[in-house]
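Attaching a single structure in structure tokens format; questions to follow.
Keep in mind the model is a prediction, meaning the values are calculated, not measured.
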Amino acid sequence: MTEKYAVVVIGGGAAGLSAALVLGRARHRTLVIDAGEPRNAPAAHMQGYLSRDGMPPAEFLAAGREEIARYGVELVRDRVVAVEKGEDFTVVSAGGAVEKGEDFTVVSAGGRSVRARRLVVATGLKDELPAVPGLAERFGRDVLHCPFCHGWEVRDQPFGVLATSPASVHQALMVSQWSKDVRFFLHTVAEEELSDEDLRRLAAAGVDVVPGEVAGLVTENDRLTGIRLADGTTHPRSVLFTAPRAVPRTGLLERLGAELHETPFGAYPVVDATGLTTVPGVWAAGNAIGFSEQVVHAASGGYRAASAIVGDLLMTDLDTAVRRQGPA
């Protein structure tokens, strides 16, 4: 027989574990299915999370897994390959409105099939880095993307910013908060693509604009020491910031029929304040709903989604009991 859960959480990062913790404490049978591919895996530490500042991401997740286990939450390391809507159910709200929804069948790559009344999708996103030799190998070390995550640790060092589009001007301006020695490498962006306002702001921030394509990185003793251009010139730099292309992992949501909206960083599900998608019974949290969700935001989003689900399930069951009782 197919196992049944109140909630299946797809993704075991900060958002998924936070949701599972709240659901477990609310006495709901909950299963977390995690493929083990956290976005911040390349980083040695995470910052800006009050009381956890500087904690290695792997330790943070390990602590979260221990915490959810205390409340009977199950966690399996597997990948969800299919989610299907199951039997219809009808919810009659206290105001008399009738809403229809469905439960769900969740199938993993390992062949396990389970049923769930509600879903939390916390599958995150994948970062695709510019195709510069040596860049990916140093990502999370001295090739960085977020000054809020790493700026303090590399403060006052010579920064480079690798442009991926004219919008990279914003990143070059932001990192100037942490260093006054910043060079903005245009790479494949033509200088003519920058607006006059962009150039004035860069000049005001003391950011040097460097035309020309970047051919590779220079390292010594496993540390970044420079940025090499295609013309052979080298610029001494200790840190390189760049903006990866965000690839949201929204395949499961799309197959369920969730509405998406386009952003400069990809297409993400339309959600309400609790993370409820346009599919009844399906919530999303963390980087599954946006590019800029930091760990602390993701954990908060998971909490909000779970607390909404607890109320949703309670009211659904109470309304069902009232209907069965019939008129007073």
Side-chain angles (χ1 to χ4, degrees), residues 11-19 32 34-67 75 77 122-162 164 168 170-172 174-179 182 217 219 221-225 227 237-249 265-266 285-302:
L17 291 177
S18 180
V32 178
D34 180 34
E37 298 174 347
R39 182 188 181 194
N40 60 0
H45 50 80
M46 63 183 201
Q47 312 295 154
Y49 195 133
L50 190 63
S51 82
R52 298 293 181 268
D53 188 60
M55 189 176 192
E59 289 184 17
F60 176 81
L61 295 177
R65 289 191 285 267
E66 290 179 7
E67 288 177 359
L75 184 146
R77 184 58 57 84
T123 46
L125 59 80
K126 180 181 179 181
D127 288 314
E128 289 189 352
L129 293 164
V132 172
L135 193 98
E137 292 79 3
R138 308 205 64 80
F139 188 54
R141 301 164 65 192
D142 38 31
V143 173
L144 308 170
H145 77 289
C146 172
F148 291 100
C149 305
H150 303 284
W152 173 266
E153 285 66 38
V154 296
R155 65 194 183 279
D156 298 327
Q157 296 184 39
F159 286 3
V161 176
L162 177 67
T164 55
S168 296
H170 178 74
Q171 188 178 37
M174 288 297 296
V175 303
S176 70
Q177 175 67 27
W178 285 267
S179 174
V182 180
L217 309 183
T219 61
N221 299 320
D222 198 29
R223 298 189 63 172
L224 178 68
T225 59
I227 308 301
R237 300 287 95 181
S238 300
V239 179
L240 180 66
F241 283 90
T242 191
R245 176 177 174 265
V247 182
R249 293 186 171 119
F265 307 103
N287 281 133
I289 68 168
F291 169 78
S292 61
E293 296 292 292
Q294 305 283 11
V295 177
V296 66
H297 302 135
S300 174

Could you go through the side-chain contact (heavy atoms from CB on, under 4.5 Å) check for W178 and V154 one step at a time?
-> CA-CA 8 Å; W178 285 267; V154 296; 6.0 Å; no

Answer yes or no: is there a donor N or O on one side and an acceptor on the other, between the side chain of R138 and the main chain of D222, under 3.5 Å?
-> yes

For the student: nearest non-hydrogen atoms of V296 and G48, plus distance =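 The pair with the smallest heavy-atom distance is CG1-O, 4.4 Å.
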
Considering all heavy atoms of both residues, which atom of G16 and which atom of A122 are nearest to each other, and what is their separation?
-> N-CB, 3.8 Å

Within 6.0 angstrom of R223 CZ, more than 12 heavy atoms from elsewhere =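 Atom CZ in R223 is not packed in, count stays at 12 or less.
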
If only atom types and distance count, is the side chain of E293 paired as donor or acceptor with the main-chain N or O of A288 below 3.5 Å?
-> no

In Å and rounded to the nearest 0.5 Å, what is the CD to SG distance from Q47 to C146?
->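 One finds 10.0 Å between CD of Q47 and SG of C146.
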
Heavy-atom closest pair, residues A246 and L125 = CB-CD2, 4.2 Å

Which word best sums up how the rings of H145 and F139 line up, parallel for under 30°, tilted for 30 to 60°, or perpendicular for over 60°?
-> tilted

Nearest heavy atoms of S238 and Q157, plus distance in Å =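 Distance-wise, the nearest heavy atoms are CB-OE1, 3.3 Å.
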
To the nearest 0.5 Å, what is the distance between CG (D142) and OG1 (T219)?
-> 8.5 Å

Got a sec: does the CZ of R65 have more than 12 other heavy atoms crowding it under 6.0 Å?
->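 Result for CZ/R65: enclosed.
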
Find the distance between NE2 (H150) and CZ (R141) and round it off to the nearest 0.5 Å.
->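 Between H150 NE2 and R141 CZ, I get 12.5 Å after rounding to 0.5 Å.
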
For the side chain of S18 and the backbone of G302, is there at least one donor-acceptor N/O pair under 3.5 Å apart?
->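 No.
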
